[in-house]
Every structure is written in C-alpha cells, then in structure tokens.
Amino acid sequence: MQMMKSLGAAALSLIAGVVAHEADADEIKLSVRSDLEWQTTGEGVAFAPLKGNRFEESYMAMVRLPAGLVSPLHVKSAGMFGLVVTGEMVHLADDRIVGREKVLKSGDYYEIPAGLPHLSKCVSQIDCVTFLYQDGPFDFLPVGEGRQ
C-alpha cells in the first residue's frame with residue numbers, strides 16, 4: 001500500500017513538474033480554494049479548472065461530487081489520475097462487484113485507465129473533492145442503458 005501511495009505521489013510530482021516547466025520561470029500560479037470558479041453539470045458534478053480546457057485537451061481540475069452520488073457505469077477516452085482531497089470515494093471497474101469496495105480518503109490516489117468501464121461513488125456524508133489530471137479531453141460515455 002505504501003508503495004502505491006509513493007507511486008501516486010511520484011506521478012503527481014511528475015505532472016506538477018511538467019506544468020511548472022511550461023509556466024513562465026518568474027511566475028508562480030496560486031489557486032486559492034475560495035477563488036475557484038466551479039462549473040456544475042446537470043448531474044451535480046462540479047469542475048473548477050486549474051490548467052487546460054477539459055473539452056479540448058489534457059487538463060487539471062478540482063472536481064466535486066455531491067455526497068451520495070453514484071455515477072452510471074461509463075468509460076472515458078483518456079486516462080484519469082486523481083488525489084482525494086475531502087470526502088470518501090469508491091471507484092469500481094465493474095458495477096457488479098459487491099463487497100470488494102475499497103474506500104479512498106483524503107490523501108489517497110487513484111488511476112483509471114482510458115477505456116475501462118467503471119463507476120464512481122461519493123460514499124461520505126460530505127461532498128467529495130478530488131484533484132484530477134486527465135491525459136486527454138474530457139468525455140463521459142455511458143455503458144449500457146439504465147445501468148447504475
């Protein structure tokens with residue numbers, strides 16, 4: 001488990017290093033939580049962009065899922081790399097797995113490969129907030145009709 005956390009931290013450090021390299025050498029970009037500009041979808045999931053346009057390119061954003069939200073089974077065309085900031089989340093590679101849920105808490109890291117059918121849950125009493133890097137444009141492609 002410690003190795004997975006170390007690998008996750010290393011991946012996020014690498015991502016941050018790439019972003020820092022792209023920024024001007026004399027510029028530090030700060031994003032204060034109270035200044036984030038949240039864009040809420042019809043399903044109640046909110047995105048606060050940090051870098052990149054999520055519909056056109058790879059991006060980084062803070063993402064907020066309402067407490068109790070369970071996404072439909074879906075795939076994404078790009079890989080996802082996330083770090084839980086607040087709340088408790090579960091990500092499952094198949095909606096039929098029962099009793100094998102691993103709850104992620106603040107500081108826990110996750111990766112969801114491109115094209116992998118999965119669902120995500122915010123299982124806490126408070127909203128779940130994650131830092132998310134996606135290595136390509138955002139999409140949300142439901143798998144099957146009426147499945148949750």
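Along the sequence shown, residues carry numbers from 1.
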Inset, instruction - With sequence neighbours left out, write down each residue that passes side chain to side chain donor-acceptor pair (under 3.5 Å) with Asp139, or none if nothing qualifies. - result: Ser77
Inset, instruction - Side-chain contact test, heavy atoms from C-beta onward, threshold under 4.5 Å: evaluate it for Leu36 versus Ser31 and give yes or no. - result: yes
Inset, instruction - Look only at the side chain of Lys121 and the backbone of Leu92, and say whether a donor-acceptor pair between them is shorter than 3.5 Å. - result: no
Donor-acceptor pairs under 3.5 Å, side chain of residues 55-70 to any protein atom, not counting sequence neighbours: which ones?
| unit_1 | atom_1 | unit_2 | atom_2 | d |
| --- | --- | --- | --- | --- |
| Glu57 | OE2 | Asn53 | N | 2.8 |
| Tyr59 | OH | Gln134 | OE1 | 2.8 |

Inset, instruction - Return the set of residues passing salt bridge (Lys or Arg N to Asp or Glu O under 4.0 Å) with Lys76 (not counting sequence neighbours), or none when no residue passes. - result: none
Inset, instruction - Please name the pair of heavy atoms, one in Ser71 and one in Leu119, separated by the smallest distance, quoted to 0.1 Å. - result: OG-CA, 3.4 Å
Legend entry - Phe81 side chain near Phe131 side chain, heavy-atom distance below 4.5 Å: no
Legend entry - Backbone of Leu132 reached by a side-chain donor or acceptor of Thr130 within 3.5 Å: no
Inset, instruction - Identify the two heavy atoms, one from His118 and one from Ser120, that lie closest to each other, and give their separation to 0.1 Å. - result: CD2-OG, 3.9 Å
Inset, instruction - Apply side chain to side chain contact (heavy atoms under 4.5 Å, CB included) to Val75 and Val143, showing your working. - result: CA-CA 7 Å; Val75 297; Val143 174; 3.9 Å; yes
Legend entry - Side-chain donor/acceptor of Ser106 to backbone N/O of Val85, under 3.5 Å: yes
Inset, instruction - Report the C-alpha separation of Arg54 and Gln39 in whole Å, then their side-chain angles, then the decisive distance to 0.1 Å, and conclude whether the side chain to side chain contact (heavy atoms under 4.5 Å, CB included) test is met. - result: CA-CA 12 Å; Arg54 78 177 192 266; Gln39 303 160 356; 3.1 Å; yes
Legend entry - Heavy-atom pair of closest approach, residues Ser124 and Ile126: OG-O, 2.6 Å
Legend entry - Gap between atom CG of Leu83 and atom OH of Tyr133 - 0.5 Å precision: 15.5 Å
Inset, instruction - Might you point out which heavy atoms bring Gly136 and Ala78 nearest each other, and give the distance in Å? - result: N-CB, 3.4 Å
Inset, instruction - Decide yes or no on side chain to side chain contact (heavy atoms under 4.5 Å, CB included) for Val90 and Tyr110, but give the supporting numbers first. - result: CA-CA 10 Å; Val90 171; Tyr110 62 92; over 6 Å; no
Legend entry - Atom pair CG (Leu116) and CD (Glu111), whose distance is rounded to the nearest 0.5 Å: 11.5 Å
